[in-house]
Amino acid sequence: MARTVAHVIVDALKELGVRHVFGVVGDALNPLTDAIRTTDDLDWVGCRHEEAAAFAAGAQSQLSGNLGVCMGTVGPGSVHLLNGLYDAAKSHTPVLAICGQVPLAEIGSDYFQEVDNDLLFRDVAVYRATVTSPEQMPRMLESAVRAAVSQGGVAVLTVPGDLGDQELGEDRPTRFALDRAVTRPDDPALAQAAELLNSASRVTLLVGRGARDARAEVLRTAELLSSPMVLTLKGKEGFEDGNPFQVGQTGLIGNPAASHALDSGDALLMLGTDFPYRDWYPKDCKVVQIDTREEHLGRRVPVDVGLAGDVGATLRALLPLLEEVPDRTHLDAARERFAHWQEGQQRLADPHHDHRWTGKLRAALDNRDHQIRPEALAAAVDGHAADDAVFTSDTGMATVWLSRFVTMRGTRRLIGSYNLGSMANAMPQALGAQLWAPDRQIVAFCGDGGLSMLLGDLMTIKTYQLPVKLVVFDNRRLGMVKLEQEQAGLPEFGTELDNPDFAAVATALGLTGIRVTDPADLDDSVRRAFETPGPVLLDVLTNPEEVAVPGKPTVSQGWGFAIAKVKEILPSREG
């Protein structure tokens with residue numbers, strides 16, 4: 001019996017190992033969702049907003065390495081997918097978006113809800129096409145999936161509403177052929193890189209997520225060269241735990257040890273990272289970069305030797321050419337600075353910090369009401385979360401506290417909108433993660449601004465009884481924007497949030513809600529949140545004046561902050 005276009009798509013998704021399709025139902029999707037309804041081992045996850053569906057699909061793809069799938073119906077339903085798809089695209093993770101469209105005969109007539117999907121998704125998708133005939137299947141689907149997987153990006157397949165239930169004239173099995181090649185540079189390029197690194201006396205490594213599958217080779221390189229290892233935020237997951245060379249992150253979320261390790265080296269070896277912040281790279285330093293994507297080589301910092309290839313395969317070929325560096329001065333100095341910085345951070349994370357004499361002095365400046373410090377909340381979560389927990393974090397201050405106080409020990413995983421920098425990603429990504437790993441603990445570091453953007457999908461978590469733990473850093477602020485304004489010498493403006501009691505909202509929606517306002521109750525409340533079965537929202541009122549000092553603070557930032565505080569305190573006489 002001939003299959004319909006919808007069944008060809010759904011059967012292929014099942015064959016690919018896709019377990020969940022995220023979206024909001026709608027008329028153009030009816031043939032597809034009905035095919036999912038009658039297919040075993042492939043579940044429809046009905047979200048309250050398509051943006052959440054796209055984030056959830058992207059999260060599953062990032063965690064599994066396989067294809068994530070979401071759907072949006074005609075017009076606005078597809079438009080709503082866009083932000084989550086941009087996050088997937090910037091994260092270089094394969095996601096297939098199947099979008100509805102008006103009936104074939106009405107395309108181009110400015111029909112009700114008609115949107116030109118091929119134009120709409122032009123910038124975000126590595127592949128986009130509209131199915132106009134059953135005979136184009138499954139070839140068009142195969143092309144979409146191959147593009148998404150091979151290029152690590154988003155493919156958008158648009159299916160008009162009257163096409164999904166049409167039968168194929170000639171039905172054949174789908175063939176995807178998705179094996180990826182593992183490549184390395186040629187020998188002359190490796191010799192050039194080895195010559196540069198061997199001539200340097202102080203080599204620093206900058207390691208990103210692209211090196212995750214080459215942990216052993218990266219550690220051996222650091223050992224051989226006696227190199228401190230600076231990690232990007234996305235590199236925390238594979239390289240933070242049990243690593244005697246790592247010195248944390250650089251950039252605005254980073255620490256002085258990492259900044260010094262970069263600035264004091266005479267050579268930089270970049271491994272699987274496209275770290276974007278040019279101001280944080282060292283000056284007057286030789287650079288070797290290894291990346292699978294040739295277009296990444298040299299686009300952030302001038303590179304003396306660029307090696308296009310898999311990090312693991314490249315290092316296995318490079319290591320025999322490297323000379324051992326017995327002098328550990330560069331490494332030991334960076335590690336000592338890092339240990340000293342960590343000690344100071346742990347003092348801040350102590351719930352009793354503000355009651356000690358040094359804490360009282362600081363609290364008089366930035367926490368007169370002795371509210372809960374976000375450092376203490378992040379540290380408590382780190383202490384109580386499982387060693388195989390999956391963490392998601394909202395962009396902004398929630399990510400700062402996670403980067404500094406949560407250790408990726410054991411088999412912990414970490415994802416966030418770390419390339420796009422979107423708000424509102426942590427909760428829907430946690431939704432997708434929990435469905436991907438139902439037996440693992442999923443912890444979302446939510447900003448109050450981010451959570452409130454897609455608050456409706458708390459109902460999705462309740463509907464599917466997903467036992468996620470949502471930790472809300474409730475500082476009643478868009479905290480990162482506030483910090484940016486003040487560092488520029490501007491008074492805080494437009495960042496204050498008139499929040500509800502998020503725990504009460506969660507309780508009303510059928511989740512367990514826990515609200516914490518007293519530092520003395522913090523640790524017990526975090527423990528209770530993790531011990532409570534089912535979904536829990538932990539709403540913690542944190543200090544809105546907390547300042548995250550960057551790894552390399554400048555005089556202009558400090559002066560700007562001082563000016564901003566004066567402007568905030570004194571009444572404005574302008575106008």
Side-chain angles (χ1 to χ4, degrees), residues 92 182-232 234-235 238-239 243 245-247 249-251 254 258-331 333-334:
H92 301 296
V182 176
T183 62
R184 73 162 181 85
D186 58 17
D187 291 342
L190 291 169
Q192 186 181 3
E195 181 181 2
L196 186 154
L197 294 171
N198 289 335
S199 65
S201 59
R202 301 179 306 280
V203 179
T204 299
L205 307 187
L206 178 60
V207 181
R209 187 175 181 178
R212 182 179 58 186
D213 296 330
R215 176 182 165 93
E217 292 86 352
V218 173
L219 291 179
R220 175 57 182 151
T221 302
E223 179 182 31
L224 194 63
L225 299 177
S226 296
S227 297
M229 187 186 303
V230 178
L231 306 179
T232 69
K234 294 172 76 173
F239 292 97
N243 182 350
F245 307 100
Q246 71 96 5
V247 293
Q249 283 85 63
T250 186
S259 298
H260 184 266
L262 290 169
D263 291 340
S264 62
D266 58 0
L268 174 66
L269 176 56
M270 298 172 61
L271 301 174
T273 178
D274 189 38
F275 183 73
Y277 305 107
R278 300 176 189 273
D279 290 345
W280 295 87
Y281 280 97
K283 307 296 189 293
D284 302 321
C285 178
K286 298 292 185 181
V287 179
V288 176
Q289 183 177 4
I290 303 174
D291 202 290
T292 55
R293 294 176 176 269
E294 192 168 353
E295 67 270 20
H296 287 182
L297 300 177
R299 74 173 180 176
R300 307 301 183 190
V301 65
V303 168
D304 296 277
V305 181
L307 303 176
D310 175 79
V311 173
T314 302
L315 286 181
R316 285 192 292 273
L318 179 63
L319 277 165
L321 307 178
L322 297 180
E323 299 171 0
E324 185 174 3
V325 177
D327 184 355
R328 291 174 52 95
T329 303
H330 182 47
L331 170 62

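Heavy atoms only: backbone and side chains are in, while hydrogens, waters and symmetry mates are out. Numbering starts at 1 and runs along the sequence shown.
- With sequence neighbours excluded, the residues that form a side chain to side chain contact (heavy atoms under 4.5 Å, CB included) with S201 are D266.
- Residue pairs meeting the side-chain hydrogen bond (donor to acceptor under 3.5 Å, both in side chains) criterion with at least one partner in residues 214-225, sequence neighbours excluded, are E217-R316, R220-E223.
- Identified under the side-chain hydrogen bond (donor to acceptor under 3.5 Å, both in side chains) test for residues 319-329, with sequence neighbours left out: D327-T329, R328-D332.
- Under the 4.5 Å side-chain criterion, counting only non-hydrogen atoms from C-beta, V287 is not in contact with Y281.
- The side chain to side chain contact (heavy atoms under 4.5 Å, CB included) search around T232 returns L206, K234, T273, F275, not counting sequence neighbours.
- The two atoms that bring C285 and G265 nearest to each other are SG-O, 4.0 Å, heavy atoms only.
- The shortest heavy-atom contact between A214 and G312 is CB-CA, 3.5 Å.
- Of all non-hydrogen atoms in L307 and P185, the two that sit nearest each other are CB-CG, 3.5 Å.
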Distance-only donor-acceptor hits, side chain of residues 190-197, under 3.5 Å, sequence neighbours excluded:
none

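- A search for side chain to side chain contact (heavy atoms under 4.5 Å, CB included) contacts involving H92 returns R293, H296, not counting sequence neighbours.
- Under a 3.5 Å cut-off, the side chain of R300 and the backbone N or O of R278 do not form any donor-acceptor pair.
- For D284, there are no side-chain hydrogen bond (donor to acceptor under 3.5 Å, both in side chains) partners two or more places apart in sequence or in a different chain.
- Side-chain N or O atoms of D187 include none that pairs as donor or acceptor with a backbone N or O of A317 at under 3.5 Å.
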key: Derivation and outcome, side chain to side chain contact (heavy atoms under 4.5 Å, CB included), residues N198 and L322   = CA-CA 6 Å; N198 289 335; L322 297 180; 4.0 Å; yes
key: Derivation of the side chain to side chain contact (heavy atoms under 4.5 Å, CB included) call for V218 and F239   = CA-CA 9 Å; V218 173; F239 292 97; 3.6 Å; yes
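- The salt bridge (Lys or Arg N to Asp or Glu O under 4.0 Å) check on D310 picks up nothing, with sequence neighbours excluded.
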inquiry  = Please determine whether side chain to side chain contact (heavy atoms under 4.5 Å, CB included) holds for the pair V305 and K286, giving the CA-CA distance in whole Å, both sets of side-chain angles, and the decisive distance to 0.1 Å.
reply    = CA-CA 9 Å; V305 181; K286 298 292 185 181; over 6 Å; no
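- Two residues are said to be in side-chain contact when any heavy atoms from C-beta on lie closer than 4.5 Å; D274 and R299 meet this criterion.
- For R202, there are no side-chain hydrogen bond (donor to acceptor under 3.5 Å, both in side chains) partners, not counting sequence neighbours.
- Annotation: the span from L331 atom CG to M229 atom CE amounts to 9.5 Å, rounded to 0.5 Å.
- Of the possible donor and acceptor atoms, one in the side chain of S226 sits under 3.5 Å from a partner among the backbone N and O of V325.
- Residue T314 comes nearest to G309 through the heavy atom pair OG1-C, 3.8 Å, listed as atom of the first residue, atom of the second, then distance.
- With sequence neighbours left out, the salt bridge (Lys or Arg N to Asp or Glu O under 4.0 Å) criterion links D186 to no other residue.
- In terms of heavy-atom proximity, L205 sits nearest to A222 at CD1-CB, 3.7 Å.
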request  = Please step through side chain to side chain contact (heavy atoms under 4.5 Å, CB included) for the pair W280 and S259, ending with a clear verdict.
outcome  = CA-CA 7 Å; W280 295 87; S259 298; 3.7 Å; yes
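- Not counting sequence neighbours, the partners of T204 by the side-chain hydrogen bond (donor to acceptor under 3.5 Å, both in side chains) test are H330.
- In this structure, the side chain to side chain contact (heavy atoms under 4.5 Å, CB included) partners of A258, at least two apart in sequence or on a different chain, are V230, V247, T250, N255.
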